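Bear in mind that the values here come from a model prediction, so they are computed numbers and not experimental data. Basis for what follows: all heavy atoms, side chains included, without hydrogens, waters or symmetry-related copies. Along the sequence shown, the residues carry numbers beginning at 1.
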Amino acid sequence: VLKGSAAVLYGNVGPGGVLNLVTKKPKFNFGGEVGLRIGSFGMLKPSFDMYGGIGKNEKAAFRINGTYQKANSFRQFVNSERFYINPSLLFKISKKSELLLEADYLDDDRLPDFGAGIVNYEVLTDYPRDRFLGVKWGNVHGKQFSGTATHTYRFSEKWKLTTTGTYRDSEQKLFSNRRPNTGGLIGADGLWTRSLQKSENYDNYFILQSDLTGEFKTGSIAHQFLIGTDTDHFTTITQSYAVYTNYDQINIFEDLPENSRNDIPEMTNANFSYNPTNRYGIYVQDLISLLPKLKVLGGLRYSYQRSISNVTSASGELTVTETPALGAFSPKAGLVFQPNMKHSVFVSYSNNFSPNTGVDINGNALSPSIIGQYEAGIKNELLNGKASVNFTLYQIDDSNRSQISLENGNTNNNIKELAGHVQSRGAELDITARPLNAISILAGYSYNKTVVVESNTLTIGSPIRYMPNHTANGSIYYNSSKGFNLGFTSAYIGQRYAGRDTPQRNNTDGRKPVPLPAYFQFDANAGYSFKNIQLRAKVGNLFNQLSYNVHDDNSVNPIAPRNYSLSLAYKF
C-alpha cells in the first residue's frame with residue numbers, strides 16, 4: 001500500500017494512494033506447496049505452488065502457482081466459481097542483466113447480489129440476513145489475462161535501470177436485475193417492481209515504464225536519485241443494452257416464491273462505445289541527505305493525456321468526442337528530521353490530477369481537477385526495538401471537481417463546471433510490539449473526516465458516503481517454538497452512509513443518505529506445523545455481528561455471519 005505522496009510518481013492516481021499487487025517470483029531452489037481449504041457455505045479451494053531452477057548452471061528459474069475455488073453463500077441462491085493461474089520465468093542473462101517474464105489468468109463466474117432491501121431509504125435491521133432479492137439466473141462473468149516482461153540492468157552496485165512492459169486484456173459481462181430502488185423505490189408495503197440490466201465491457205491496456213535509480217554524492221551531500229518515464233495506452237469498449245422494465249413484482253418481506261418469473265428475455269441493444277486513451281509521463285525524484293540528521297525529498301512528474309470517445313447509438317448514429325490534450329505537473333516535496341536512530345519527524349506535500357469528461361457551458365473541454373495532499377508525522381522506535389509507534393496527520397483537498405452546470409437552467413449532465421471541492425482531514429496511529437519472542441501485537445486507529453467544502457449541488461459540510469470517520473484494528477499472535485500458533489484479530493468500522501449524498505435543494509424523490517451503524521468484528525485463528533505439514537483453522541465474525549458493506553447508493557450487503565474454514569498444506 002503506497003499511501004499519500006509515495007504514490008504520486010506512479011501516475012494520475014486517486015487521492016490517498018494506490019495498491020501495488022505483487023505476484024510470486026521464481027526461485028532457484030526447488031520447492032513448492034499443495035493445499036486444500038474448505039469452509040462454510042460449501043467453500044472448496046485447492047491450490048498449488050511450485051518453483052525451481054532450470055538446468056544446472058542456475059541461469060534460469062520458474063514458478064507456477066494457481067487455485068480453483070467454488071462456493072455457495074450465506075445468501076440464498078448465490079454462488080461463485082473462479083480459477084486462477086500465474087506462471088513466471090526468470091533468466092539471468094549475465095552478472096548485470098536479468099529478464100523476468102510473468103503472466104496470469106483469472107476466470108470468475110458468479111451470481112450478482114445487490115444486497116438487502118431498503119424501504120424509504122432506511123435499512124431494515126431486522127431483515128433476514130440470507131434473503132436474496134435478485135433473479136436466480138443472473139450472472140456476471142469476468143476474465144482477465146496479463147503478461148509482463150521486466151528487464152533489469154545493474155551498471156554497478158548503486159545504479160540500475162529497470163524497464164517493464166505489461167499488457168492486460170479483460171472482459172466482464174453482466175446480465176441481472178437492477179439494484180433495489182433503481183428506477184423506482186421499494187414501497188412501504190415491500191412491493192418492488194424488478195427491472196433488468198445487461199452490459200458487456202472490454203478493456204485492453206498496455207504500459208511501458210523505465211526507471212533509472214542510483215546513489216551518488218556531490219561533495220558531502222548524498223543523493224538517492226530516480227528518473228523515469230512511462231507511456232500507457234488503454235481502450236475501453238462497452239456494449240450497453242436498454243433497460244428491461246417491469247420484469248415482475250416481488251415483495252421483499254417474503255422469500256422469492258417458487259412461481260416467481262424465471263425466464264431470460266431478449267435485451268435490446270443500446271449504445272456501443274469505443275474509447276481509446278493515450279497517456280505519457282516523465283518524472284524525477286531526489287532524496288538528499290543534507291546533514292546526518294536532515295533529509296530533503298523533491299520530485300516532479302509531468303503527465304500528458306489524450307482521449308477519444310466514439311459512441312454508436314442503437315439507430316447507428318455515431319458521435320465522436322475528442323478531449324483536447326491535457327498536460328499537468330505533479331510536484332511533491334518532503335522534509336525528514338532524524339534527531340537519532342530511533343526517532344524521526346517528517347512533513348510532505350504533493351499533488352496530482354484527475355481528468356474530467358464533459359464540456360463547459362461554451363462547449364470547451366474541462367481542465368483536470370487538482371488534488372493536493374499534505375502530511376506530517378513522527379516515527380518512534382521504543383523499548384530497545386521491541387515496539388514502534390507511528391503517528392501521521394494529513395489533509396487532502398480534491399478541488400475543481402466537475403459538477404453539472406446550473407447556468408441558464410441547464411439539465412444536460414454532460415455540460416459541467418468546476419464547482420466542487422471535497423476535503424479530507426485525518427490522523428493515523430500505528431503500533432507494533434513484540435514484548436516477548438513468542439508474542440507479537442499490532443494495533444491501529446484512523447480518523448478521517450471527508451466533507452463537501454464547495455458545491456453547486458450538494459449541501460456544504462455534508463459527509464461523503466461510504467467513509468467512516470473512525471476505524472481501528474488490533475491483533476495479537478502467539479507462536480510457540482513447538483509449531484503451535486494462535487491469533488485473535490479485531491476491526492472496528494465506524495458509522496458511515498449509503499444512499500444518496502445530501503442535496504442542496506429540496507429532495508422530491510425521497511432519496512437521502514442512509515446511516516449504517518458502527519460495529520466491531522472479531523476473528524480467531526489457530527495453526528499447527530509439523531515437519532512439512534501445516535494445519536490452520538479460522539473462525540470469522542466470532543460473535544456473529546450484523547452489519548453491512550456498502551458499494552454504491554443502492555447496494556447494501558450484509559456481512560457474512562459466523563463462518564469457519566480449515567486448511568491443510570504440504571510443503572516440499
Side-chain angles (χ1 to χ4, degrees), residues 1-10 13 15-20 22 157-160 211 213-228 283-301 330-352 371-397 424-437 439-449 470-475 477:
V1 180
L2 302 174
K3 296 194 289 186
S5 59
V8 169
L9 291 183
Y10 293 84
V13 300
V18 297
L19 297 177
N20 183 31
V22 181
E157 291 184 359
K158 295 184 177 181
W159 286 90
K160 71 175 181 178
D211 294 332
T213 58
E215 300 178 14
F216 65 95
K217 285 189 175 182
T218 54
S220 62
I221 300 176
H223 300 260
Q224 295 180 20
F225 185 74
L226 160 69
I227 185 170
Y283 43 90
V284 62
Q285 177 178 288
D286 195 7
L287 178 61
I288 305 171
S289 299
L290 294 175
L291 299 169
K293 297 180 180 181
L294 183 65
K295 296 181 180 181
V296 177
L297 174 69
L300 181 67
R301 176 187 175 92
S330 301
K332 77 172 179 178
L335 183 68
V336 180
F337 176 66
Q338 193 170 20
N340 55 56
M341 295 301 294
K342 295 183 178 181
H343 305 281
S344 62
V345 180
F346 69 93
V347 293
S348 70
Y349 167 78
S350 64
N351 76 31
N352 55 346
I371 305 163
Q373 305 184 56
Y374 307 83
E375 297 176 65
I378 183 169
K379 297 183 178 182
N380 303 279
E381 185 180 294
L382 307 172
L383 304 176
N384 295 321
K386 291 185 177 181
S388 64
V389 178
N390 303 327
F391 180 72
T392 304
L393 295 170
Y394 64 87
Q395 177 174 308
I396 301 174
D397 286 293
S424 297
R425 288 181 172 176
E428 292 185 350
L429 175 67
D430 295 303
I431 301 172
T432 61
R434 199 175 186 90
L436 300 173
N437 289 335
I439 296 177
S440 58
I441 298 172
L442 301 173
Y445 167 76
S446 174
Y447 171 77
N448 181 302
K449 186 176 182 181
H470 304 275
T471 58
N473 63 83
S475 304
Y477 298 95

Undergrad: Could you tell me whether the side chain of I441 reaches within less than 4.5 Å of the side chain of P435, counting heavy atoms only?
TA: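 Yes - at least one pair of side-chain heavy atoms lies under 4.5 Å apart.
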
Undergrad: If you apply the rule side-chain contact (heavy atoms from CB on, under 4.5 Å), what do you find for D286 with V284, and how did you get there?
TA: CA-CA 7 Å; D286 195 7; V284 62; over 6 Å; no

Undergrad: Is there a side-chain contact between F337 and L335 (heavy atoms, below 4.5 Å)?
TA: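 Answer no - side chains too far apart.
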
Undergrad: In Å and rounded to the nearest 0.5 Å, what is the CG to CZ distance from L383 to R434?
TA: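 The CZ atom of R434 is 14.5 Å from CG of L383, to the nearest 0.5 Å.
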
Undergrad: As an exercise, state the distance from NZ of K386 to CD1 of I439, rounded to the nearest 0.5 Å.
TA: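 Those atoms lie 11.5 Å apart.
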
Undergrad: If we only count heavy atoms from C-beta on, is the L382 to H343 side-chain gap below 4.5 Å?
TA: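 Yes, their side chains come closer than 4.5 Å.
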
Undergrad: Can you give me every donor-acceptor pair (side chain of residues 387-395, partner residue at least two apart or in another chain, under 3.5 Å) with its distance?
TA:
from: S388; atom 1: OG; to: T432; atom 2: OG1; distance (Å): 2.5
from: Y394; atom 1: OH; to: N448; atom 2: ND2; distance (Å): 2.7
from: Q395; atom 1: OE1; to: R425; atom 2: NE; distance (Å): 2.8
from: Q395; atom 1: OE1; to: R425; atom 2: NH2; distance (Å): 3.4
from: Q395; atom 1: NE2; to: D397; atom 2: OD2; distance (Å): 2.8

Undergrad: Working note: N384 + K342, criterion side-chain contact (heavy atoms from CB on, under 4.5 Å); need CA distance, chi angles, decisive distance, verdict.
TA: CA-CA 9 Å; N384 295 321; K342 295 183 178 181; 3.8 Å; yes

Undergrad: I'd like to check Y283 versus D211 (side-chain heavy atoms, cut-off strictly below 4.5 Å). Are they in contact?
TA: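 Yes - at least one pair of side-chain heavy atoms lies under 4.5 Å apart.
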
Undergrad: Can you sort out the partners of Y445 under side chain to side chain donor-acceptor pair (under 3.5 Å), two or more places apart, ordered by chain and number?
TA: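 Residues passing side chain to side chain donor-acceptor pair (under 3.5 Å) with Y445: H470.
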
Undergrad: Listed by chain and number, what are the side chain to side chain donor-acceptor pair (under 3.5 Å) partners of T218, not counting sequence neighbours?
TA: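 For T218 the side chain to side chain donor-acceptor pair (under 3.5 Å) partners, ignoring immediate neighbours, are H223.
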
Undergrad: Working to the nearest 0.5 angstrom, can you tell me the gap between K217 NZ and I288 CD1?
TA: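 That separation rounds to 14.0 Å.
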
Undergrad: Find the distance between OG (S289) and CD1 (I221) and round it off to the nearest 0.5 Å.
TA: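 So the gap between those two atoms works out to 9.5 Å.
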
Undergrad: Less than 4.5 Å apart, any side-chain heavy atom of V345 and any of V336?
TA: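 Contact flag for V345/V336 side chains = no.
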
Undergrad: Can you name the nearest heavy-atom pair linking S344 to P339, along with the distance?
TA: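 Between these two residues, the closest heavy atoms are CA-CD, 4.4 Å.
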
Undergrad: Looking at E215, is its backbone amide N or carbonyl O close enough to the side chain of W159 to form a donor-acceptor pair, meaning the two atoms are under 3.5 Å apart?
TA: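 Between the backbone of E215 and the side chain of W159 there is a qualifying donor-acceptor contact (under 3.5 Å).
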
Undergrad: Under the rule for side chain to side chain donor-acceptor pair (under 3.5 Å), what residues qualify as partners of E428, not counting sequence neighbours?
TA: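 Partners of E428 under the side chain to side chain donor-acceptor pair (under 3.5 Å) test: K3.
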
Undergrad: F346: what forms a ring pair (Phe, Tyr, Trp, His ring centres under 6.0 Å) with it, not counting sequence neighbours?
TA: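 For F346, no residue satisfies ring pair (Phe, Tyr, Trp, His ring centres under 6.0 Å) once neighbours in sequence are set aside.
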
Undergrad: Mind checking the CD-OG spacing from E375 to S348? Nearest 0.5 Å is all I need.
TA: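 One finds 4.0 Å between CD of E375 and OG of S348.
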
Undergrad: Assess, by modelled atom type and distance only, whether the side chains of Q373 and K332 contain a donor and an acceptor separated by less than 3.5 Å.
TA: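 Note: Q373 and K332 side chains miss the donor-acceptor criterion.
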
Undergrad: Only counting residues at least two apart or in another chain, list the ones meeting side chain to side chain donor-acceptor pair (under 3.5 Å) with S424.
TA: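 If we apply the side chain to side chain donor-acceptor pair (under 3.5 Å) test to S424, skipping adjacent residues, the hits are T450.
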
